[in-house]
Amino acid sequence: MKSFDLTLPKSPAEIENHYFCECGNKFVDKNRCPKCGNQKFYTYEDVKKLNPKLYELKESNYGIECFIEYPVFNEKIMFKKERLAILINKEIKLSQKFREKFDFYYDEIATIVEKYLKFLGLWNERKRVFKLLKQLESRRVLEIIKVKDPEVLLWSVYDEDISVEEFFEKLLKDSSKSVKKAIYEKYKKQLYHLAYNPIIDILILRAVDDINYQRELISLSCEYDGVVSIDIESIEKFINFLRRFEQKEIVKFLKKAFEYNIFMFYIATFLNHPIKRYFKSIEDTLMNTIDYCEYEYSIPVKFKFDKFVFKLPKNSIELKNYGNELRNCLSMYTNVHNKRYLIFGVFKGRKLKYAVNFDKQKKFIVEAKGFANSNINEKDYKVIEKFFEEFKEAI
């Protein structure tokens, strides 16, 4: 336990200060430990404010506990212990208070992670990544003990069991010097924005053979910021599918996917719909996998609200066209739309501006995006929120 000052009433008009020194000495009303000379004592206010100087680490039968221990008075002086976190098998498990208000307590949680790193002797090798994650207020700071190489936490998706060196050694084993240079330059640009996606480079180098095309796509994908969190097995299937087409067609297809930020749309379509027929074009082949279905609603299909019209698609073709017009992955929702989720097209005049995915069960907006998955400006988003506040009361 750290050094504490506990104020207790001695009589209605008099109080006593009981001091509990970290050295083990206990005394009353002296302000300074006669045994070790310590003059710094904490109070219960420090406990309530979660003063990081009170955090202690200790190995127990359960794992490595991070806690605050302090004296309280309840008819007699007692000692309470509040566990803030515990490290079990390299995984940091937070107390309920921190779990429920992660963002609010972010600085306190980061301090706990830092203490664990120092306790385990990992601080020097991991502090650079830790400081970057803390600066970005990333939740990945909790993973920094768990991963083999902390730098992978700066990727958009990562494998906790591989190091950066191992990944690039395997990826670039048969690549030319110019391709290696292009990959490393892209990596350096994307790394500190948590934007590097290994899946994209695996795809480019495995699906395309020509070195010049590889370099061109590597450069183009540097600006791609779509989320791609799929497993290696799925990307292997997609690569095998692409390689059924001519190289020029693959390059043309990937250029469009990266330029319009819709790579995830294409791969989701491939994974969710079986290929029925092969066309010359990869895009035509994928788009013809989507089954036709009519949607029946118990509510109107069109709502006029403020400056927008919120419109539900009449069938899967119309929903697919929403996706084509907005350059996003709405076609993957053709089988789930009008079940738990409702996909609305948001029109201004005759122009489709946005698409909104609304959860009917939980009654909240899952996602709302514009062209090529772009964010909606604040003013329009407030109108959309206001519409759904009223809409959820009607269903």
Side-chain angles (χ1 to χ4, degrees), residues 1-88 91-123 126-127 129-145:
M1 188 179 78
K2 300 291 185 182
S3 301
F4 271 93
D5 169 7
L6 181 64
T7 302
L8 299 178
K10 188 176 180 182
S11 69
E14 201 177 353
I15 62 167
E16 274 185 342
N17 286 86
H18 289 247
Y19 293 89
F20 302 83
C21 188
E22 198 169 352
C23 73
N25 195 22
K26 300 174 187 177
F27 53 94
V28 178
D29 289 337
K30 286 185 180 176
N31 291 324
R32 180 187 176 95
C33 177
K35 185 177 178 182
C36 70
N38 175 35
Q39 297 182 75
K40 177 59 182 173
F41 291 86
Y42 299 97
T43 67
Y44 184 61
E45 283 301 309
D46 290 299
V47 176
K48 288 196 293 183
K49 291 175 182 176
L50 291 169
N51 187 332
K53 291 180 180 177
L54 297 179
Y55 299 174
E56 297 183 72
L57 295 184
K58 188 183 290 182
E59 291 189 63
S60 70
N61 293 332
Y62 308 104
I64 302 172
E65 293 182 283
C66 178
F67 61 91
I68 296 177
E69 192 173 12
Y70 54 94
V72 292
F73 182 76
N74 186 9
E75 296 182 353
K76 63 177 183 177
I77 295 173
M78 304 168 63
F79 295 93
K80 289 191 73 173
K81 181 178 173 182
E82 183 179 339
R83 189 164 76 188
L84 307 176
I86 186 166
L87 179 68
I88 303 174
E91 185 175 349
I92 299 173
K93 298 178 183 289
L94 299 173
S95 67
Q96 185 176 352
K97 177 193 295 183
F98 288 156
R99 289 198 311 273
E100 291 178 350
K101 292 187 175 181
F102 188 96
D103 295 332
F104 182 79
Y105 287 116
Y106 189 85
D107 287 342
E108 288 81 2
I109 292 166
T111 300
I112 289 170
V113 175
E114 182 178 337
K115 284 188 175 289
Y116 274 128
L117 287 170
K118 289 177 178 177
F119 185 88
L120 297 169
L122 296 172
W123 176 246
R126 306 203 169 200
K127 66 181 176 182
V129 173
F130 169 83
K131 288 177 179 178
L132 284 165
L133 292 172
K134 186 181 177 185
Q135 185 180 335
L136 295 166
E137 295 192 352
S138 170
R139 288 174 175 254
R140 291 185 180 186
V141 73
L142 290 175
E143 306 288 316
I144 201 162
I145 293 168

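The structure displayed is predicted, hence computed values, not measured ones.
Sorted by first and then second residue, the pairs that involve residues 37-46 and meet salt bridge (charged side-chain N to carboxylate O under 4.0 Å, His left out), not counting sequence neighbours, are Glu45-Lys48. Counting only residues at least two apart or in different chains, salt bridge (charged side-chain N to carboxylate O under 4.0 Å, His left out) contacts with residues 98-112 comprise Asp103-Arg139.
Lys2 meets the salt bridge (charged side-chain N to carboxylate O under 4.0 Å, His left out) test with Glu22; sequence neighbours excluded. Applying the side chain to side chain donor-acceptor pair (under 3.5 Å) rule to Ser3 yields the partners Asn38; only residues at least two apart in sequence or on another chain are considered. Considering only residues two or more places apart in sequence or on other chains, Glu91 meets the side-chain contact (heavy atoms from CB on, under 4.5 Å) condition with Lys93, Lys146.
Expressed to the nearest 0.5 Å, how far OG1 of Thr7 lies from NE2 of His18 amounts to 9.0 Å. Of the inter-residue distances, the one linking Asp5 atom CG with Asn31 atom CG reads 7.5 Å to the nearest 0.5 angstrom. Note that CG of Leu94 and CD1 of Ile86 are 11.5 Å apart. Values are rounded to the nearest 0.5 Å. Taking CD1 from Ile92 and CD1 from Ile145, the interatomic distance works out to 4.0 Å, rounded to the nearest 0.5 Å.
Heavy-atom minimum distance, Cys21 versus Phe27: CB-CE2, 4.4 Å. Across Lys30 and Tyr19, no two heavy atoms sit closer than the pair N-CE1, 3.9 Å. Looking at every heavy atom in both residues, Tyr116 comes nearest to Leu87 through OH-N, 3.3 Å. The two atoms that bring Ala85 and Ile112 nearest to each other are CB-CG2, 4.0 Å, heavy atoms only. For Phe102 against Leu142, the heavy-atom pair with the smallest separation is CE1-CD1, 3.5 Å. Residue Leu133 comes nearest to Tyr106 through the heavy atom pair O-OH, 3.3 Å, listed as atom of the first residue, atom of the second, then distance.
Using a 4.5 Å cut-off on side-chain heavy atoms (C-beta onward), Leu50 and Tyr55 make contact. A 4.5 Å side-chain heavy-atom check between Glu59 and Ile64 finds at least one atom pair inside the cut-off. When side chains are defined from C-beta on, Phe41 does not count as touching Phe4, because their heavy atoms never get closer than 4.5 Å. Residues Asn25 and Pro34 are in side-chain contact: their nearest non-hydrogen atoms beyond the backbone lie under 4.5 Å apart.
Using modelled atom types, one side-chain atom of Arg126 and one backbone atom of Ile144 make a donor-acceptor pair closer than 3.5 Å. Counting only distance, with no hydrogens or angles, the side chain of Asp29 and the backbone of Asn17 share a donor-acceptor pair below 3.5 Å.
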Between side-chain atoms of residues 65-81 and protein atoms elsewhere (two or more places apart, or another chain), which donor-acceptor pairs fall under 3.5 Å?
from: Glu65; atom 1: OE1; to: Ser60; atom 2: OG; distance (Å): 3.4
from: Glu65; atom 1: OE1; to: Lys81; atom 2: NZ; distance (Å): 3.4
from: Glu65; atom 1: OE2; to: Arg83; atom 2: NH1; distance (Å): 3.1

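In the displayed structure, Lys118 atom NZ is contacted under 6.0 Å by more than 12 heavy atoms of other residues, nucleotides or ligands.
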